[in-house]
Amino acid sequence: MKIINIVGARPNFMKIAPLMRAYQAAPSIEPLLVHTGQHYDHKMSQLFFEELGIPRPDIDLEVGSGSHAVQTAEIMKRFEPVCLERKPDMVLVVGDVNSTIACALVAAKLGIKVAHVEAGLRSFDRAMPEEINRVLTDAISDLLFVSEPSGVTNLKAEGVPDEKVHLVGNVMIDTLLANLEKAKARNTTAALGLTPKAFALVTLHRPSNVDDPTTFKRIWSTIVRVAERTSVVFPVHPRTRARMETFGLLQSVASSGGAIRLLEPQGYLEFLGLMADASVVLTDSGGIQEETTILGTPCVTLRENTERPVTCEVGGNRLVGTDAEKIWAGFVESMRTQVAVARPPLWDGKTAERIVRVLAG
Ligand code: UD1
């Protein structure tokens, strides 16, 4: 059985790594890897292949950046001939990025089976491009691999037949557990001159948070306030870096006297080490909510909703939105309370093996 596996953007790489490894135990499967090129900077892409030992892609579509329509269409145009030439039995997509829906749609229209890893997650917020990608990808998938119980409930409510749905756990946590010791051995925290459990780690990249100057400036004023209480480390996504320049936010970094440290996008091992050592993480990412849950690091999520509710139910994730006072209150509360390491069901490092067993049938 020939399976084309798709990666495109940074959060895809840690999800595909354990699958590519698990295929080695399934001789009936011939895996191919296609990189759409949605993310292309060395630090957003190649670095993850190196650190996670992901095989070199068999095909690189090199689409690059563009508006949603342009990027999605370009991936589709370039992926269709690959399917026609390689004739896969299945296309496997992960996550919720534009590469996910684009390749799933091409495959479904060609009558090729689609498997979706991380199916069923719902924020119920259609203003999020990722929510559109999730809903549409699930609607045309034949096999839906789900990471947390809410996903099963959501798919049932949407009328997806039970036999298509497999609650298997979280592939991203496979990667985390396999790399945690290596990440700690990198000593990234010490290399940055920081003390473990004495800094806040920040990430922001969601268009709804960083593209609108009023919203971003409001969030930023709270980050500056956090930096008066503890050191702030902020690896900056390229989109966010561009907005900070445009909105004139870099001045406050200079005047923070070193309390705010802007970093380039970090590698997987470096960032994992920082997450494990941070006293709190402030983020608008999806995956980081899950990673901090397993690490027992409190997470303050600067969004109004989450498609990953298990992280709030069993972990130390707090949804605070983007109101300055609510972010601050979430930060203060997180610093005050202890968070235990939490393990949602099947987040045990063996999810990729379970998925490959189902695929191998
Ligand atoms: C994408 C995903 C988002 C995910 C995020 C992780 C979609 C709809 N969004 O958002 O779900 O959380 O990846 O990073 O697929 N850029 C570079 N270099 C790169 C990649 C991007 O400079 O290697 C810049 C470009 O200016 C680009 C912008 O970042 O226009 C946004 O990139 P894009 O892939 O469109 O979306 P992300 O915001 O990264």
Side-chain angles (χ1 to χ4, degrees), residues 6-16 34-50 57 60-76 78-79 93-105 116-119 121-123 125-137 147 172 175 202-212 215-216 234-247 262-268 271 275 281 283-292 299 301-303 305-308 311:
I6 306 297
V7 288
R10 183 169 60 179
N12 294 161
F13 304 131
M14 43 288 228
K15 294 170 192 168
I16 218 71
V34 170
H35 189 340
T36 65
Q38 178 174 346
H39 284 176
Y40 44 85
D41 284 358
H42 180 267
K43 291 189 169 93
M44 299 291 287
S45 175
Q46 180 59 30
L47 183 54
F48 288 77
F49 281 75
E50 292 161 12
D60 204 325
L61 302 179
E62 295 180 340
V63 293
S65 299
S67 68
H68 284 273
V70 167
Q71 191 175 57
T72 308
E74 202 57 49
I75 296 168
M76 291 180 70
R78 296 184 192 198
F79 185 54
V93 295
V94 300
D96 56 14
V97 301
N98 287 341
S99 302
T100 309
I101 178 61
C103 293
L105 193 47
H116 184 205
V117 173
E118 210 182 77
L121 297 182
R122 296 289 180 270
S123 65
D125 175 4
R126 294 273 170 111
M128 273 180 92
E130 293 84 358
E131 181 74 354
I132 310 278
N133 293 342
R134 288 189 280 260
V135 169
L136 296 182
T137 303
S147 56
M172 214 181 57
T175 299
V202 173
T203 85
L204 290 169
H205 74 283
R206 229 155 257 297
S208 58
N209 282 348
V210 303
D211 284 359
D212 171 51
T215 308
F216 195 4
F234 183 11
V236 192
H237 184 286
R239 157 198 289 288
T240 310
R241 169 86 61 177
R243 300 295 178 271
M244 290 183 79
E245 282 165 16
T246 313
F247 302 158
L262 299 190
L263 307 178
E264 290 292 303
Q266 296 291 291
Y268 181 79
F271 190 73
M275 262 191 301
V281 175
T283 188
D284 59 9
S285 155
I288 291 172
Q289 299 171 51
E290 301 182 329
E291 291 166 332
T292 50
C299 184
T301 298
L302 279 64
R303 290 176 43 190
N305 49 55
T306 181
E307 60 288 335
R308 294 160 160 96
T311 59

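In this chain, numbering begins with 1 at the start of the sequence shown. Both counts, for ligands and for their atoms, begin at 1 and track the order of listing.
- Side-chain atoms of H116 and T100, non-hydrogen and from C-beta on, do get closer than 4.5 Å to each other.
- In terms of protein heavy-atom proximity, atom 26 (O) of ligand 1 is nearest to S65 OG, 4.4 Å.
- From the protein, the heavy atom lying nearest to atom 31 (C) of ligand 1 is R239 NH2, 3.8 Å.
- The minimum heavy-atom distance between L121 and E307, with the atom names listed, is CD2-O, 3.2 Å.
- Remark: minimum distance from atom 29 (O) of ligand 1 to any protein heavy atom is reached at H237 CE1, 3.7 Å.
- A salt bridge (Lys or Arg N to Asp or Glu O under 4.0 Å) with E130 holds for exactly one of R206, R308, R303; it is R206.
- Within the structure, the closest approach of K43 to ligand 1 does not fall below 4.0 Å when heavy atoms are considered.
- Atom 39 (O) of ligand 1 has its nearest heavy-atom neighbour, among R206, E131, H39, E130, in H39.
- Nearest protein heavy-atom contact of atom 6 (C) of ligand 1 is P11 CD, 3.5 Å.
- Of all protein heavy atoms, the one lying nearest to atom 24 (C) of ligand 1 is P238 CB, 3.9 Å.
- Atom 8 (C) of ligand 1 has N98 OD1, 3.3 Å as its closest protein atom, hydrogens excluded (heavy atom only).
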Audit row: F49, H35, ring pair (Phe, Tyr, Trp, His ring centres under 6.0 Å) steps and yes/no: CA-CA 11 Å; F49 281 75; H35 189 340; 5.7 Å; yes

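- In terms of protein heavy-atom proximity, atom 16 (N) of ligand 1 is nearest to Y40 OH, 3.6 Å.
- Closest approach of M44 to F13, counting heavy atoms only: O-CE1, 3.2 Å.
- A salt bridge does not link E118 with R134: none of the charged nitrogens is closer than 4.0 Å to a carboxylate oxygen.
- Here the side chains of D284 and H205 are in contact, with some heavy-atom distance below 4.5 Å.
- Note on ring orientation: taking the six-membered ring where Trp is involved, the planes of Y268 and F48 are perpendicular (angle over 60°, cut-offs 30° and 60°).
- Atoms of ligand 1 found under 4.0 Å from any heavy atom of Q71, numbered from 1 in the order shown, are 34 (O), 35 (O).
- Among protein heavy atoms, the minimum distance from atom 4 (C) of ligand 1 is reached at H205 NE2, 3.7 Å.
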